[in-house]
Structure formats: structure tokens, C-alpha cells
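Numbered from 1 within each chain, the chains take letters A, B, ... in sequence-line order. Everything numeric in this text was worked out from a predicted model, so none of it was measured.
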Number of protein chains: 2
Amino acid sequence: MNHALKDGTVGKALLMLDIIADAEQSLRFNNILALSPFPKATTYRLLQTMTSQAMLSYDAESQKYSLGMRLVRLAHHAWKQASLGPIASPYLNQLASEVGETVHLAQIENGQVLFIDKRHTSQRFETLAQVGRIAPAHCTGVGKVMLAYMQPERQDYALQRQTYIKFTNTTITNKEALLDELITIKREGVAYDKEEHENGIISIAAPILTSSGQVMGAISIATSTSRHTVEDLTQYRGVLDTITKAVSTEAELYLHPTSGS
Amino acid sequence: MNHALKDGTVGKALLMLDIIADAEQSLRFNNILALSPFPKATTYRLLQTMTSQAMLSYDAESQKYSLGMRLVRLAHHAWKQASLGPIASPYLNQLASEVGETVHLAQIENGQVLFIDKRHTSQRFETLAQVGRIAPAHCTGVGKVMLAYMQPERQDYALQRQTYIKFTNTTITNKEALLDELITIKREGVAYDKEEHENGIISIAAPILTSSGQVMGAISIATSTSRHTVEDLTQYRGVLDTITKAVSTEAELYLHPTSGS
DNA sequence: ATGCAAATTCCATATAATGAGACTTCGTAG
DNA sequence: CTACGAAGTCTCATTATATGGAATTTGCAT
């Protein structure tokens with residue numbers, strides 16, 4: 001099922017990280033063993049290796065494994081060198097203060113939405129508590145808009161990986177309906193989340209595209225139904241468009257700098 | 001030199017991540033090969049594996065490898081389940097608004113300071129741009145205070161790993177001087193950074209300890225010499241002490257919950 | 001003390017990693 | 001247009017490493 005099996009020992013070791021991450025808490029050896037497709041001794045050795053590598057940390061007192069701080073260090077570099085984060089950051093500041101609502105920057109990872117950054121006017125924020133969070137693509141504004149603009153093969157792959165879990169009454173729960181929606185989105189240029197993931201939460205999202213039309217990410221403006229209707233969100237189309245274009249342009253410049261000493 | 005050699009293929013594969021992280025930019029195969037202790041084919045295969053695992057991402061156009069977004073996703077979970085971050089977060093909010101200065105939460109990783117969270121009153125913040133950053137321990141308030149409270153063996157190990165690089169005129173540049181300083185710090189209960197890492201930047205830091213006296217992390221209040229003198233910082237000893245004790249207590253509760261259903 | 005489950009270690013075997021070198025690709029200059 | 005060189009990719013016999021069933025140890029609960 002998992003593609004860990006393709007990458008030998010390394011894949012197996014990394015699968016241990018996913019097992020512990022997905023559990024959302026630290027686990028004892030037995031818990032991990034139960035979730036591991038490998039025999040006891042193998043699982044044990046993989047955990048030893050990852051612990052020795054600081055990819056996991058082991059608390060001797062509680063005999064529990066949790067994810068290691070080396071991941072936090074590496075993620076910092078990943079964020080700075082491979083995500084849209086550093087480029088989009090000033091634009092998110094501008095957007096957040098302009099619209100006075102929560103704004104998100106997301107990318108797609110393996111068919112899922114990965115939040116890269118977030119701004120919320122006048123709120124205490126918890127950095128990594130927000131960044132790195134994942135969400136399904138089929139029921140979020142950023143997810144749907146990124147799906148809509150994907151190349152056919154990537155889109156197929158991503159659509160295959162959706163769970164189509166019904167979170168609310170408006171959640172799109174099958175591939176056919178989602179494909180219809182994606183056509184509309186591509187025509188409109190923006191996607192709306194009409195309380196599809198969480199009751200009371202709506203958003204408008206626009207894609208960040210390369211000049212060749214590849215999806216790099218998406219930016220959304222989110223609010224609650226107590227303050228706005230979905231129709232209200234339409235007013236943000238202009239500013240969203242401006243901002244995503246600006247990020248896109250700057251990203252292109254950054255990736256393909258004009259020659260010079 | 002590196003302990004990657006101890007952990008077989010997995011260690012080698014993870015070393016690729018460090019190589020790319022340390023470069024602070026995406027690299028072509030040849031660049032990586034030059035930094036890799038392994039032969040060409042081996043290095044190539046390790047990169048393939050890590051790319052297939054989304055620990056690295058490869059841009060076909062520029063033929064460059066950079067760190068993958070899976071790291072960001074995993075780090076989010078690591079932060080939530082294994083760091084002091086979630087526990088300390090509300091206290092950092094409180095502290096930052098109380099003192100009106102930048103506050104940091106740090107832990108020690110492999111002898112280095114790892115920043116877990118940060119608050120800065122009225123500033124735009126960049127989440128992972130701050131979190132996950134590392135700094136040397138010998139020249140920072142949080143670093144020194146954590147060294148001071150370490151158990152002898154861990155302290156030895158950490159002191160061994162310091163570079164003792166001279167950043168400014170006040171940087172402590174050898175183990176003996178640092179040991180002296182650590183004695184003073186342990187007597188005082190707080191450490192000061194007297195422009196030892198960066199000119200114009202000073203801080204006061206206090207440790208977060210377990211009930212058994214183990215160092216879990218540290219919190220600092222940082223400011224600039226243009227606004228405060230080191231002596232001014234002394235006024236924050238009380239509030240720092242209160243906050244670190246509160247975090248410590250809550251962390252203990254969290255780690256050793258009283259029995260219940 | 002005793003029993004039981006969880007955690008750890010052992011070691012012959014199977015399997016996967018290795019790396020020298022061959023090959024392909026691509027950009028550049030003649 | 002072709003030749004060249006540098007960068008990147010692939011092959012395969014050899015070697016080293018990972019594997020996992022089973023035995024052992026640990027530690028907690030009775």
C-alpha cells in the first residue's frame with residue numbers, strides 16, 4: 001500500500017516517522033509494533049536507528065518514542081529553501097492587514113493540502129502549530145483550486161488519493177462531483193469553500209501559477225459565516241488575484257534569475 | 001566524523017538531508033557529490049530514494065535538489081508532540097505582552113541551541129523562518145543557561161561540541177572561561193548574553209527544569225542596547241522565573257498525568 | 001517470590017546496498 | 001552539423017547489511 005516498500009531500509013525507517021506522526025502522540029514500542037508492517041526485531045532496529053539519528057526521541061522514563069527535533073531543524077531549512085514561504089511572506093502580511101481576515105498559504109503534497117504559512121490579524125499565533133498542518137484537498141478552498149489547475153496526470157493521481165470524507169452537509173463526496181466543481185473553478189479562477197470542511201468556516205482561494213501554468217501553491221482568505229456570506233467573499237477576488245500574481249512573478253524571478261554577475 | 005556511519009543506509013540517506021540543509025540553497029547533483037563522502041552511484045541512489053520519499057524535492061528544470069515538504073509536515077507533528085512549544089505557547093504570549101520585548105523558547109539539540117518558538121510584540125512574523133533555527137550555545141543566553149544546568153556527562157558532550165567561534169568582543173572563546181561562566185550562571189539562576197553573539201543584542205535567559213533538575217529548555221527575553229542595558233534586564237528575573245516555573249509545572253503534569261480513567 | 005507481558009538481543013540466512021565503470025544526455029564550440 | 005566534454009544515469013557481479021524467528025532479559029503486577 002505504502003510506497004515505503006519501494007525504497008528499501010530507508011523507506012521502512014521513514015515509515016516509522018509517519019506511524020508516530022499519524023498517532024498524534026508519543027507511543028510505546030508495542031503500539032508502534034502493532035502499527036508496523038515489519039516483524040518485531042526489524043521494527044525495533046529501525047526505531048533504534050532513527051533515535052540514534054535524532055529523527056525520533058526516546059524518553060526512557062515513559063518508554064515512549066516521539067518525533068525528534070532534528071525534523072524541526074531540517075524543516076526550517078526546507079521551508080526557507082523549497083517552499084513559497086519566504087517569497088510570499090511579505091505579501092501575506094500585506095493581504096492580511098488589507099482584508100483583516102485570516103490568510104493561508106498552502107502547497108500540495110501527495111494529494112493533500114499542506115499549510116506553509118498563515119496570518120491572522122490580532123491573534124496570538126503558534127508558528128509550527130499552524131505551519132506544516134495538513135488537510136484534505138477535496139473540501140478546502142486551497143485544495144480545490146490547486147486540484148483545478150493541475151496537469152491531467154497529476155490531477156488524476158491527486159483525485160485518486162482523496163478520501164472524499166463527508167465533513168459537513170456541503171462536502172463534495174465523490175470524484176465526479178469534484179471534477180464538475182473543478183471545471184467551474186478553473187473558469188472562475190477562484191475556489192470557494194462553502195463550509196465544506198468545517199461548519200461556519202468559509203473561504204476564497206486563488207492559485208499561484210508558474211508562467212507555464214504549473215500550480216505552485218495557493219492563497220486563501222478565510223472567515224466565518226457569522227461575519228460574512230460566501231457572496232461577500234467575491235469582493236476579494238481582485239486583491240487575491242493581484243497578490244497571487246505578484247507572488248508568482250517573484251517566484252519566477254527567484255527561480256530563473258536573469259543572468260548577471 | 002559524523003555518526004551517520006553508524007546507522008547504515010539510513011544514516012547515509014539522512015546525511016544527504018544535512019548536506020542540502022547546510023548548503024542553505026538547492027544543489028545540483030555534482031555539488032552534492034562533492035560534499036558527499038560516498039561514491040557517485042551511491043550518492044545518486046541515496047538522492048533518488050530520498051526524493052521518492054518526499055524528503056527531498058527535485059526540480060527537473062533546474063536539476064536541483066532541495067529539502068522536501070514531508071519534512072515540514074513531520075516537523076509540525078514533532079513540534080506538537082515532542083517539544084515544549086504547545087505547553088509554553090500561552091505563557092510566551094503572556095510574557096511577550098508583559099515585557100514588550102522579543103521572547104524566545106529554545107531547547108538543546110546535539111549541543112546546539114534550537115529555537116522552538118518566538119514572540120515579538122507588534123511585528124510581522126514568519127513562523128518557520130524563526131522556528132527551527134539553530135544557534136551556537138556558547139554565545140547565547142539560552143544556550144549558556146541550558147549548558148549550566150545540564151548533567152555532567154551531557155554537559156561534557158555539549159561543551160566538546162562548541163565551536164567557540166568569536167562573534168564579538170565579548171564572546172567567550174574557550175571551554176575554561178565558559179565553565180567559569182556556567183558556575184556563575186547556576187549560582188544566579190539566569191544567564192545574560194552581553195552582546196556575545198551579535199553586537200547590540202542582549203538577553204536574559206532562565207532554564208525550564210524538570211522536578212528532578214533536568215534541563216528541558218530555556219526562555220529568554222532579548223532586547224537591543226539602544227533600548228536597554230544588561231543591568232536593566234535584571235528587572236525581568238522575577239517574571240522569567242515565574243514563567244519558567246509555570247511551564248515546568250505544566251510540562252510535568254503533561255508528561256506524568258495523575259492516574260485517571 | 002512468582003508469573004506474565006513487554007522489551008531487547010542473537011545469529012544464520014536472505015536480501016539489499018555497493019561502486020567501478022559503462023553508457024546516455026545535453027550544452028557548447030568548432 | 002558534428003565532435004567534444006562534462007554532467008547525469010544505469011548496470012551487475014560482489015560484498016556488506018538487514019532480516020526475523022526464537023531465545024533471553026527486564027520490569028511490573030500480583
Side-chain angles (χ1 to χ4, degrees), chain A residues 1-20 23 25-53 55-66 68 212 255-260, chain B residues 2-20 23 25-53 55-66 68 212 255-261:
Chain A
M1 22 199 76
N2 204 298
H3 52 116
L5 310 168
K6 294 271 286 192
D7 295 308
T9 318
V10 174
K12 294 176 193 173
L14 295 175
L15 181 59
M16 295 297 111
L17 299 183
D18 282 339
I19 288 173
I20 296 172
Q25 58 171 302
S26 44
L27 295 175
R28 301 194 54 164
F29 175 72
N30 242 19
N31 307 136
I32 298 170
L33 181 58
L35 298 165
S36 161
F38 313 115
K40 190 156 66 160
T42 303
T43 301
Y44 183 74
R45 226 167 336 91
L46 291 171
L47 293 175
Q48 294 283 42
T49 303
M50 290 312 248
T51 302
S52 140
Q53 289 290 327
M55 299 298 279
L56 290 176
S57 77
Y58 177 70
D59 180 53
E61 194 175 353
S62 62
Q63 292 185 285
K64 281 179 171 175
Y65 294 87
S66 44
S212 60
L255 293 171
H256 312 290
T258 53
S259 58
Chain B
N2 205 299
H3 52 120
L5 311 168
K6 295 269 287 190
D7 294 307
T9 318
V10 174
K12 293 176 194 174
L14 294 175
L15 181 60
M16 295 298 111
L17 300 183
D18 282 339
I19 287 173
I20 296 171
Q25 57 171 303
S26 45
L27 296 175
R28 302 194 56 163
F29 176 72
N30 242 18
N31 308 135
I32 297 169
L33 182 58
L35 297 165
S36 162
F38 312 115
K40 190 158 66 160
T42 302
T43 302
Y44 183 74
R45 223 163 342 88
L46 292 171
L47 293 174
Q48 294 282 51
T49 302
M50 290 312 248
T51 303
S52 140
Q53 288 289 328
M55 298 298 279
L56 290 177
S57 78
Y58 177 70
D59 180 55
E61 194 176 352
S62 62
Q63 295 185 95
K64 282 178 170 176
Y65 293 88
S66 44
S212 59
L255 294 171
H256 312 292
T258 52
S259 59
S261 73

Compare side-chain N and O positions of [X] against OP1 and OP2 of [N] and report whether any pair is under 4.0 Å apart.
X       : N     : value
B/Asn30 : D/dA6 : no
B/Arg28 : D/dA7 : no
A/Tyr44 : C/dA7 : no

Any A/Ser36 side-chain heavy atom under 4.5 Å of A/Leu46 side chain: no
Measure from [atom1] on [X] to [atom2] on [N] and round the result to the nearest Å.
X       : N      : atom1 : atom2 : result
A/Asn31 : C/dA6  : CG    : P     : 10 Å
A/Lys64 : C/dA7  : NZ    : P     : 11 Å
B/Asp7  : C/dA17 : CG    : P     : 15 Å
B/Tyr58 : D/dT9  : OH    : C1'   : 10 Å
A/Phe29 : D/dT26 : CZ    : C1'   : 14 Å
A/Leu33 : C/dT8  : CG    : C1'   : 13 Å
A/Leu47 : C/dA6  : CG    : C1'   : 14 Å
B/Met16 : C/dA17 : CE    : C1'   : 14 Å

All side chain to side chain contact (heavy atoms under 4.5 Å, CB included) counterparts of A/Gln48, not counting sequence neighbours: A/Tyr44
Residues forming a side chain to side chain contact (heavy atoms under 4.5 Å, CB included) with B/Ser26, sequence neighbours excluded: B/Lys64, B/Ser66
Could you list all N or O pairs between the protein and nucleotides 28-30 of chain D that sit under 3.5 Å apart?
none

Option among B/Leu33, B/Ile19, B/Ile32 that satisfies the side-chain contact (heavy atoms from CB on, under 4.5 Å) test with B/Leu47: B/Ile32
Residue of the set A/Asp59, A/Thr51, A/Leu27 for which side-chain contact (heavy atoms from CB on, under 4.5 Å) holds with A/Tyr65: A/Thr51
Intermediate values then yes/no, side chain to side chain contact (heavy atoms under 4.5 Å, CB included), A/Leu14 and B/Met50: CA-CA 10 Å; A/Leu14 295 175; B/Met50 290 312 248; 4.2 Å; yes
Nucleic acid footprint by protein, nucleotides 18-29 of chain C - heavy-atom cut-off 4.0 Å, B for base, S for sugar-phosphate alone: BBB---------
Could you tell me which non-hydrogen atom of [X] sits nearest to which non-hydrogen atom of [Y], and how far apart they are?
X       : Y       : value
B/Gln53 : A/Gly11 : NE2-CA, 3.6 Å
B/Asp7  : A/Ser52 : OD2-OG, 2.5 Å
B/Phe38 : B/Thr43 : O-OG1, 3.1 Å

Bend angle of the helix from C/dA1-D/dT30 to C/dG30-D/dC1, end axes from five pairs each (to 10°): 40°
Residue list, side chain to side chain donor-acceptor pair (under 3.5 Å) with A/Thr9, at least two apart or on another chain: none
Side chain to side chain contact (heavy atoms under 4.5 Å, CB included) evaluation trace for A/Tyr58 with A/Gln63: CA-CA 7 Å; A/Tyr58 177 70; A/Gln63 292 185 285; 3.5 Å; yes
